[in-house]
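Only one structure is covered here, and it is reproduced in the block below.
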2 protein chains.
Amino acid sequence: MDPINKFRAYIKAQGLRKTPERETIIEEIFSIHDHFDVDELFLRLRNKKKRISKASLYRTIPLLIESGLIREVYFEDGHLHYEPIYGHKHHCHLRCTTCGKIIEFTDDAALKVQERISKKYGFVATAHRFELIGYCPKCAQRDGVQKKQQLYKENTEKKKQDANDEHEKRP
Amino acid sequence: MDPINKFRAYIKAQGLRKTPERETIIEEIFSIHDHFDVDELFLRLRNKKKRISKASLYRTIPLLIESGLIREVYFEDGHLHYEPIYGHKHHCHLRCTTCGKIIEFTDDAALKVQERISKKYGFVATAHRFELIGYCPKCAQRDGVQKKQQLYKENTEKKKQDANDEHEKRP
DNA sequence: ATTATTATTGAGATTCAATAGCAATAATAA
DNA sequence: TTATTATTGCTATTGAATCTCAATAATAAT
Ligand SMILES: [Zn+2]
Ligand SMILES: [Zn+2]
Ligand SMILES: [Zn+2]
Ligand SMILES: [Zn+2]
């Protein structure tokens, strides 16, 4: 089942209503195939002339999480990010503390640790988060410590800026 | 070197000043040996008649992180938590989504994954975060789904309530 | 199809953790 | 002891996330 129908099924099962806003949001998110935050999602929708309030985005996201379509991800930049998981292979993240770059990786060993530790503590694990923190190949070679802060700012604001630029281009 | 002297050394190396507030904060944190958030730390200090403003707590925490004494931890309850790491063995967390309970565990396999994946991607990892999410032994046996929300609220507010109670006891 | 019921929306108000500004204070050096 | 200036505490501000509420629109009932 595709994500949109999966969501429709959840909506129906919960006795909620199928609305154009919800349909638009799930469509947009599953056309991204990447991490996003509420601001980015909002701008993307605006670029497509879809005027959905942030309140609705904030209200829809918990439904998408509850229905197993997306999950929260933490990147330590002060606010929440999300990513599609339904139909996407589970992965973990490498995060560069210098430039903020995120690299995804998959590894079966993490799952084995999950199973072993769960058994050891009588814990029933339903998921895990495994994140490696350090320097991406590019930043590992640099040594300009003063530039690190600036680089990080530039990179984390890039996506948002891009979205803005695109929006300005087509007013 | 103990954490307090480690911190003093950092302060001096940075050309900062040794103040009673900073001394009190580091002392209190390293007497906790547990996760804490700013509110809890503030209340603990107040209980000991140490009136340090939250602004100073918020200003000191980055210094403690920079000097490698504590680290941020994420528990998905909307604000940041911290824990001492200097002199503490590295560990990862099991987090119960029902009651909010945190169980700590150590595992060498996680470190091996870190090394292998780092090599694979040319990444220089300096740390990792590995978290297992699911149900603690107690909650795994329960089935009352309606009670889950309530239980979670109760437990996450318990520590804060305890601190408050103690404070009320000795006015 | 029409009407009734009520979930949902959007806009603005509100919350709260975290940060920033500023005058008074106090730690260091001269 | 004095001068310099980092630090403190208070208050104001920010910004993500939530809440309120009247208007709207999706569904069910007629
Ligand atoms: Zn990088
Ligand atoms: Zn990802
Ligand atoms: Zn539990
Ligand atoms: Zn811990």
Side-chain angles (χ1 to χ4, degrees), chain A residues 7-26 28 35-43 45-46 49-67 70 72-82 149 153 156-157 159-160 164, chain B residues 7-26 28 35-43 45-46 49-67 70 72-82 149 153 156-157 159-160 164:
Chain A
F7 187 48
R8 284 176 186 158
Y10 176 80
I11 290 291
K12 176 161 258 179
Q14 296 292 316
L16 304 174
R17 290 175 183 178
K18 176 178 164 177
T19 70
E21 288 81 5
R22 285 171 177 165
E23 295 271 312
T24 303
I25 291 166
I26 180 76
E28 182 58 32
H35 315 102
F36 64 92
D37 61 25
V38 170
D39 256 38
E40 284 163 14
L41 181 57
F42 182 74
L43 285 171
L45 290 167
R46 273 183 51 127
K49 311 296 174 203
K50 305 286 173 61
R51 306 193 134 272
I52 297 173
S53 71
K54 281 191 184 177
S56 287
L57 299 186
Y58 279 112
R59 279 187 289 233
T60 303
I61 283 170
L63 302 179
L64 296 170
I65 292 172
E66 271 305 303
S67 56
I70 68 173
E72 289 180 358
V73 285
Y74 295 88
F75 292 145
E76 303 200 25
D77 65 344
H79 65 276
L80 287 171
H81 292 245
Y82 307 90
Q149 288 287 353
K153 259 188 108 174
T156 48
E157 284 171 13
K159 278 170 87 180
K160 206 161 287 186
N164 262 320
Chain B
F7 187 47
R8 284 176 185 157
Y10 175 80
I11 290 290
K12 177 161 256 177
Q14 297 291 314
L16 304 174
R17 290 177 182 175
K18 177 177 161 175
T19 70
E21 288 81 4
R22 284 172 179 163
E23 296 271 312
T24 303
I25 292 166
I26 180 77
E28 183 58 32
H35 316 102
F36 65 92
D37 61 24
V38 170
D39 256 35
E40 284 163 14
L41 180 56
F42 181 75
L43 286 172
L45 290 168
R46 273 184 51 127
K49 310 296 175 204
K50 305 286 172 62
R51 307 194 135 271
I52 298 173
S53 71
K54 281 192 184 176
S56 287
L57 300 186
Y58 278 114
R59 279 186 291 233
T60 303
I61 283 169
L63 302 179
L64 295 171
I65 292 172
E66 271 305 302
S67 55
I70 68 172
E72 289 180 0
V73 285
Y74 295 89
F75 292 146
E76 303 198 24
D77 64 345
H79 65 276
L80 287 171
H81 293 244
Y82 307 90
Q149 288 288 352
K153 258 187 110 175
T156 49
E157 284 171 12
K159 278 169 90 178
K160 205 161 287 183
N164 260 320

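Each chain gets a letter, A, B and so on, in the order its sequence line appears, and its residues count up from 1. Note: hydrogens, waters and symmetry copies are ignored here, and every other heavy atom, side chains too, is used.
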(Q) I need the NZ-C1' distance between A:Lys54 and C:dG12, as an integer number of Å. (A) 14 Å
Q.
Let me confirm one number: the CG-CG distance from B:Asp37 to B:Leu43, rounded to the nearest 0.5 Å.
A. 9.0 Å
(Q) Heavy atoms within less than 4.0 Å of DNA chain D: which residues of residues 7-26 of chain A have one? Give them sorted by number. (A) A:Arg17, A:Lys18, A:Pro20
Q) Where each residue is assigned the nucleotide of DNA chain C containing its nearest heavy atom, which of B:Val38 and A:Arg51 is assigned the position nearer the 5′ end? A) A:Arg51
Q.
Could you identify the nucleotide paired to C:dA30, looking across every strand shown and requiring Watson-Crick or G-U wobble geometry with both distances under 3.5 Å?
A. D:dT1
Q. Rounded to the Å, how far apart are B:Leu41 CG and C:dA17 P?
A. 14 Å
**Q.** Distance, rounded to the nearest Å, where B:Ile52 contributes CD1 and D:dT7 contributes C1'
**A.** 12 Å
Q.
Distance check, rounded to the nearest 0.5 Å: A:Arg59 atom CZ versus A:Ile52 atom CD1?
A. 11.5 Å
Q.
Checking the side chain of A:Arg8 only, and the main-chain atoms of A:Glu23 only, is there a donor and an acceptor separated by less than 3.5 Å?
A. no
Q: Tell me which residues in residues 55-66 of chain B put a heavy atom below 4.0 Å from DNA chain D, sorted by number, or none.
A: B:Ala55, B:Ser56, B:Arg59
Q: On the 0 to 90° scale, with breaks at 30° and 60°, tag the B:Phe36-B:Tyr82 ring pair as parallel, tilted or perpendicular.
A: tilted
Q) Does the pair A:Leu16 and A:Arg22 meet the rule for a side chain to side chain contact (heavy atoms under 4.5 Å, CB included), with working shown? A) CA-CA 11 Å; A:Leu16 304 174; A:Arg22 285 171 177 165; 3.8 Å; yes
Q.
Whether the A:Glu76 and A:Tyr74 side chains hold a donor-acceptor pair (N or O, under 3.5 Å, no angle test) is what I'd like checked.
A. no
Q: Specify the separation, in whole Å, of atom CD of A:Glu76 and atom C1' of C:dA18.
A: 15 Å
Q: With a 3.5 angstrom cut-off on both distances, give the Watson-Crick or G-U wobble partner of C:dA18, or none if there isn't one.
A: D:dT13
Q) Could you give the distance from CD (A:Glu72) to CD1 (A:Ile61), rounded to the nearest 0.5 Å? A) 9.0 Å
**Q.** side chain to side chain contact (heavy atoms under 4.5 Å, CB included) evaluation trace for A:Glu21 with A:Thr60
**A.** CA-CA 9 Å; A:Glu21 288 81 5; A:Thr60 303; over 6 Å; no
Q: Mind calculating the distance between CZ (A:Phe42) and C1' (D:dG15) to the nearest angstrom?
A: 15 Å
Q | Nucleotide C:dG10, atom P - distance to CG of A:Leu45 in whole Å | A | 11 Å
Q: Rounded to the nearest 0.5 Å, what's the gap from CD on B:Glu40 to NE2 on B:His35? Could you check?
A: 11.0 Å
